[in-house]
Amino acid sequence: MRAAKPIACGFVLLGLLAGARANLRAQNVTYDEILHSGSHAEDWLTYGGNYSSQRFSELKQVNTENVANLKMQWVYQLRQQGIFESSPIVVDGIMYVTEPPTTVTALDVRTGLPIWRWTAKLPQHLLTIGLFPTNRGVAVLGNAVYVATIDAHLVALDAKTGAEKWSVEIGKNEEAVAITQAPLAINGKIIVGMGGGEGGLRGYIDAYDAKDGHRLWRLYTIPTAGEPGVETWEGDSWKYGGATTWNTGAYDPELNTIYWGTGNPAPDWNGDARKGDNLYSCSLLAIDADTGKMKWYFQFSPHETHDWDASEPPILFDAVINGKKRKIVAQANRNAFYYVLDRETGEFLAGKAFAKETWAKGLDAKGRPIELPNIDPTTQGNLIYPSITGSVNWTSSSYSPLTGLFYVDTREQGAYYFKGHPTIQPHNPQDIGGGGGQKVVGGDDAYTAIRALEATTGDLKWQFKMVGDAWTGTLVTAGNLVFCADAGGNFFALDATTGRPLWHVELGNSVRANPITYAVDGKQYVEAAAGNSVFVFSLP
């Protein structure tokens with residue numbers, strides 16, 4: 001463990017005085033409170049809004065009848081500049097937001113005034129191969145706030161003061177391990193993955209004791225010699241095959257199962273030296289939360305060569321399919337297909353394309369793609385849909401149990417994929433080449449849209465076209481609203497049933513994060529991050 005760093009007490013005290021209205025009673029979030037987050041709708045206790053990662057809020061003070069009256073209440077300007085992709089956590093009147101590359105700031109949710117701030121001490125030569133130097137959020141449990149740093153440490157901070165409680169190293173940044181995701185806090189454990197697959201890594205996901213930070217288990221996402229699945233990697237390519245775990249997953253407490261997506265195999269774009277399906281890259285893993293053992297897996301894109309990670313946050317819900325009630329896990333995948341799986345067994349139940357794709361005829365009865373010929377990158381360039389950034393990227397989709405719809409921020413764009421000559425040396429990030437690249441197809445043919453899919457089938461119910469690229473997630477509420485944004489800085493509220501636009505505001509810069517909602521003093525607020533600012537809205 002690293003020694004705790006001192007904090008500037010005077011600054012923290014000044015922040016406390018400035019934010020004196022914030023509720024600093026105990027800042028003690030129990031597992032039971034997170035478990036029943038629906039009865040604590042005034043807070044936003046997990047990255048995905050609840051353990052099912054539905055990004056659905058029970059709040060309905062702001063609804064289809066009055067959303068047009070939303071007004072800006074406060075703006076917080078970041079003290080740290082960079083790519084801002086944070087989705088805040090809100091507890092008892094305090095908002096915890098992360099600033100790039102790894103700073104945690106506690107804000108008074110009523111005013112936006114800072115209460116305390118903690119910044120990681122980072123190495124001078126930071127390696128972030130394949131990742132932006134950013135941070136997407138924290139987790140809370142007990143009296144601690146947990147953050148994963150860009151240089152691959154997990155840190156516990158005191159929720160009231162920001163004082164560092166403990167810090168553990170998850171991986172060696174000098175070997176290209178880096179983390180941008182928000183951790184997931186479950187019963188006594190902090191779950192966190194890692195990124196840097198383009199650095200010749202072998203991916204893994206960890207669980208740490210929430211009290212003292214000692215590691216409880218580690219699951220590697222690529223099998224080693226002698227383990228089932230290693231035969232899906234030619235030669236010893238499994239040693240540096242990527243399949244990192246760089247986005248936040250979901251959790252089913254009844255099944256005690258964690259659901260976590262994995263990234264692309266390495267090297268990108270040129271799979272000549274790694275022939276085979278390359279398990280468990282581009283897959284969803286169902287993991288026993290106590291032991292870290294894999295219960296089942298589902299691979300979306302075998303032997304993937306287009307950088308279509310399967311790291312999009314999965315969403316859990318229950319539904320009736322063919323007359324039978326099922327526990328479902330669903331994902332809108334970067335490869336342009338929407339998947340419905342049984343979350344107890346991993347059985348494929350339904351799936352179809354939700355965006356334009358030109359690489360597969362469809363999915364077979366088990367959900368495996370029926371690939372078309374000649375889809376791999378070439379030295380001359382091969383036009384394939386979707387582009388490298390995928391039909392959806394790292395941002396979260398959402399699900400409403402009221403409408404039964406799945407809302408995904410969809411990108412319609414193709415790219416010419418080029419094949420190069422990779423040079424990957426395990427644990428030698430200074431000698432790495434990705435094996436190719438892309439040239440995107442722009443112009444009028446490229447656009448983004450919020451699409452509402454029938455959650456059990458993937459059938460399109462409605463869409464709302466937007467301007468620019470898609471780098472933000474969706475939020476759905478019991479007020480029958482979907483909140484979303486575009487790269488042009490437009491923040492929207494749509495009717496969740498019909499997609500009809502009801503309100504919008506221009507924020508002056510691109511929105512690159514998942515919006516949230518919370519309530520304090522009986523008043524509902526909606527938050528969005530744009531440029532280097534946090535914007536908060538409520539009814540007058």
Side-chain angles (χ1 to χ4, degrees), residues 1 4 22-55 86-98 102 104-107 109 115-116 118 120 135-149 153-168 170 179 181-193 205-217 247-254 256-260 287-290 292 313 316 516 518:
M1 294 188 185
N23 182 358
L24 296 178
R25 52 178 181 82
Q27 287 296 292
N28 185 42
V29 180
T30 67
Y31 169 65
D32 187 68
E33 285 176 319
I34 304 176
L35 200 61
H36 300 97
S37 56
S39 16
H40 299 273
E42 66 278 7
D43 293 328
W44 189 272
L45 297 178
T46 70
Y47 180 75
N50 52 29
Y51 279 138
S52 296
S53 199
Q54 293 176 352
R55 287 201 165 263
S86 177
S87 182
I89 295 292
V90 173
V91 183
D92 288 338
I94 297 181
M95 175 184 291
Y96 301 101
V97 65
T98 53
T102 310
V104 182
T105 303
L107 303 172
V109 297
I115 300 168
W116 58 255
W118 172 92
N135 188 283
R136 294 176 179 136
V138 301
V140 291
L141 187 66
N143 62 359
V145 175
Y146 300 89
V147 61
T149 69
H153 288 77
L154 179 65
V155 182
L157 306 173
D158 185 279
K160 289 179 67 175
T161 67
E164 190 172 306
K165 297 160 74 74
W166 53 256
S167 174
V168 294
I170 294 171
I179 304 175
Q181 70 186 244
L184 178 66
I186 59 176
N187 191 12
K189 301 180 184 70
I190 308 301
I191 313 300
V192 65
I205 181 173
D206 288 351
Y208 294 87
D209 188 289
K211 292 181 180 178
D212 59 18
H214 79 270
R215 196 170 80 198
L216 299 172
W217 52 254
N247 215 349
T248 308
Y251 174 59
D252 184 331
E254 292 183 3
N256 196 34
T257 302
I258 298 163
Y259 301 88
W260 212 279
I287 305 165
D288 185 289
D290 288 337
L316 316 182
I516 70 161
Y518 63 90

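Treat the numbers as computed from the prediction; the structure is a model and nothing was measured.
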*Decide side chain to side chain contact (heavy atoms under 4.5 Å, CB included) for W217 and I191; before the verdict, give the C-alpha distance in whole Å, the side-chain angles of both, and the deciding distance to 0.1 Å.*
CA-CA 10 Å; W217 52 254; I191 313 300; 4.1 Å; yes
Kindly write out the residues that satisfy side-chain contact (heavy atoms from CB on, under 4.5 Å) with [X], not counting sequence neighbours, or none if the list is empty.
X: D43; value: L45, V90, D92
X: Q54; value: N50, S52, F56, I315, F317, Y399, P401
X: N187; value: Y31
X: S87; value: Y47, R55, N514, I516

*Could you check if a side-chain atom of S37 sits within less than 4.5 angstrom of a side-chain atom of T46, using non-hydrogen atoms only?*
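No; the side chains remain at least 4.5 Å from each other.
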Interatomic distance, [X] atom [atom1] to [Y] atom [atom2] [nearest 0.5 angstrom]:
X: N256; Y: Y251; atom1: CG; atom2: OH; value: 4.0 Å
X: R215; Y: D209; atom1: CZ; atom2: CG; value: 13.5 Å
X: Y51; Y: I34; atom1: OH; atom2: CD1; value: 4.0 Å
X: T257; Y: I287; atom1: OG1; atom2: CD1; value: 9.5 Å
X: L141; Y: I190; atom1: CG; atom2: CD1; value: 5.5 Å
X: T161; Y: I115; atom1: OG1; atom2: CD1; value: 11.5 Å

*asked:* List the residues meeting side-chain hydrogen bond (donor to acceptor under 3.5 Å, both in side chains) with D206, not counting sequence neighbours, and say none if there are none.
replied: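 Partners of D206 under the side-chain hydrogen bond (donor to acceptor under 3.5 Å, both in side chains) test: Y208, R218.
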*Y96: what forms a side-chain hydrogen bond (donor to acceptor under 3.5 Å, both in side chains) with it, not counting sequence neighbours?*
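Testing Y96 for side-chain hydrogen bond (donor to acceptor under 3.5 Å, both in side chains), a comparison that skips the adjacent residues, returns Q27.
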